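Structure first, commentary second.
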Amino acid sequence: METITLVLTLLVAVVASGLIARMLPFPVPRPLVQIALGAAVGLVADWRVTLDPDIFFLLFLPPLLFLDGWRIPREDLFKDGSTILELALGLVVFTVLGMGFFIHWMIPAMPLAVAFALAAVVSPTDPIAVSAIAQRTPIPKRMMHILEGESLLNDASGLVCLRFAVAAALTGAFSLGDAALNFLWVAIGGIAVGAGLTWLVGWSKAALTRRLGEESGSQILISLLIPFGAYLVAEHLQCSGILAAVAAGLTMGFVEARGNALAATRIRRTTVWDMIQFTANGTIFVLLGEQLPTILAGAADTVRVTGHHEPWWLAIYVVAINVGLAGLRFAWVWLSFRLTLLRRPESRARPNWRIIGAMSFAGVRGAITLAGVLTLPLAMKDGAPFPARDLAIFLAMGVIILSLIAASIGLPLMMRGLEMPAEPSGEAEIDAARIAAAEAAIAEIERTQHRLAEGRKDADAYVAVAARLMDVYRERIDQQTTEPEQMALLRRDQGIERELRLAALKAERGEIFRRVRDRELGSEAARKLVRELDLSETRLAV
């Protein structure tokens, strides 16, 4: 009962965080509110959740990374693939080396291998935290796609570096060749497992659906099981389960592009995944906050490892590590942008320092960092305590919180008044797709009308109904092929019509609910009518 009560309390904290974040007079990212609520839960209720890193990784990361990979625009990801790889691979190695030596120099009591381990866990950015910050700060789409792509891929490289740093701390030996080969196996194997499993499931699902029909509930459940299956298979093969989940999400986008699923399945599946994303994201940060009292309680003992006695030295170290991370990230992003411009001789523009600064502030740490640092072993092979483990956990938690605060303050300042290069709007592609879709619909209506009306006495009814439908699609084509000036007026009129339709739908729904309350309409009939209105409103709200 205590475990169930704790889980329900965490979920209530997730719900309350949204209300509190909207009530505050100044913008505060929801993750910071959730961390504060989690800390309050830990202090007031005196509950302690023992985070098993393996279970934590399995429960939360596969579905969230899978969903991010599924929903990220693949064409934008591949368009900026070189920049993303430079950040996801090069920056992680650069950060591990630079911060490892810096942390060891700053805290000599922390062995070099442990310093490298701490640098490895704070090197990956967190896609969940990045997305949460972006909700309150308008970030250009292309920059956001680069940040999301980086955070999806750099987890594996950071955790592989952590694995070898811990092995070096336990054995006192390190082989660069073995590390490189292991990294290739972990990365390539994880991607192959995620992509292969998703493609196999998609092919099997399509074959069974053609023979037996589709059941929405089963299809949604299959989509929920894919990331967990990819993660577990990859981990069993000693590959990266994280990369497997990301690759599964990217492959799912290609599989779903076939359009085999029913419309009802897609609507329900989207709703289910949105709920999972909201709940899991919030629970992660509430759990981070819940760990704070335990970590702070040992601060007095932890600071003695550094050779000091005043706890404020820990705050100095946290600030110094964050400054070091930001400095290394700024230097690498500047170098990456310079290399990108050199690869494009037609572009002579210099990288804007505010864009580079925004990219640096956006390097937010989150759940990956905490879960990674908790995997540090408790003892050495000879039974002695693992050196500076509590100190590493404290510093990692400090980096998470301070990076969130810095991004919350720094990103809005960097983005304020910043003029970004114009990005393709995609309106021409959308208009062309609408015209092509309408033409396909007209051709299909004509074919179906002839097939249905053949040999029937009331064939003229089929002709009349088909003509009305085709007129609707022809009107849509005419709207998309008007002159730019007329198109602007048309879009204005469509906006006015949208507001009027939304108001009308709201009035319809209010009347239906009134009839239910007055027992003039049955609940089953009302549910059907309200669903029709909700679908219409959803279409208008897009």
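Side chains are part of it too, since the values below use all heavy atoms of this structure and drop only hydrogens, waters and symmetry mates. Computed from a prediction, not measured in an experiment: that's the story for all the values here.
The closest donor-acceptor contact from the side chain of Ser403 to the backbone of Ile400 lies under 3.5 Å. In this structure, Thr369 contributes its side chain and Val122 its backbone to no donor-acceptor pair below 3.5 Å. Glu235 places a side-chain N or O within donor-acceptor distance of the main-chain N or O of Gly241, the cut-off being under 3.5 Å.
Salt-bridge formation is detected for the pair Arg515/Glu511: a Lys NZ or Arg NE/NH1/NH2 atom is positioned less than 4.0 Å from an Asp or Glu carboxylate oxygen. The pair Glu537-Arg509 meets the salt-bridge criterion, with a side-chain N (NZ, NE, NH1 or NH2) lying under 4.0 Å from an Asp/Glu carboxylate O. Taking 4.0 Å as the cut-off between side-chain N and carboxylate O, Arg269 and Glu256 count as a salt-bridged pair. No salt bridge links Glu508 with Arg501; every basic N to acidic carboxylate O contact stays at or beyond 4.0 Å.
For the atom pair CG of Leu67 and CG of Leu224, the computed distance is 10.0 Å after rounding to the nearest 0.5 Å. Rounding to the nearest 0.5 angstrom, the gap separating the OG atom in Ser216 from the CG atom in Leu221 is 12.5 Å. Here Glu290 contributes atom CD and Leu37 contributes atom CG; the two are 12.5 Å apart, rounded to the nearest 0.5 Å. Expressed to the nearest 0.5 Å, how far CD1 of Ile222 lies from NZ of Lys205 amounts to 6.0 Å.
Two residues are said to be in side-chain contact when any heavy atoms from C-beta on lie closer than 4.5 Å; Val246 and Phe66 fail this criterion. A heavy-atom distance below 4.5 Å is found between the side chains of Met359 and Leu87.
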Checking Asp471 against Arg474 for the salt bridge (Lys or Arg N to Asp or Glu O under 4.0 Å) test, could you report, in this order, the C-alpha distance in whole Å, the side-chain angles of both residues, the deciding distance, and whether it holds?
CA-CA 5 Å; Asp471 286 341; Arg474 289 193 182 101; 3.5 Å; yes
Given the rule in the side chain to side chain contact (heavy atoms under 4.5 Å, CB included) test, do Glu439 and Ile477 qualify, once you have shown the distances and angles that lead to the verdict?
CA-CA 8 Å; Glu439 290 173 343; Ile477 293 174; 3.6 Å; yes
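When each of Asp274, Leu11, Ile284, Val14 is paired with Thr279, the side chain to side chain contact (heavy atoms under 4.5 Å, CB included) condition holds for Leu11 and for no other.
Pairing each heavy atom of Leu153 with each of Ala88, the nearest pair is CB-CB, 3.7 Å.
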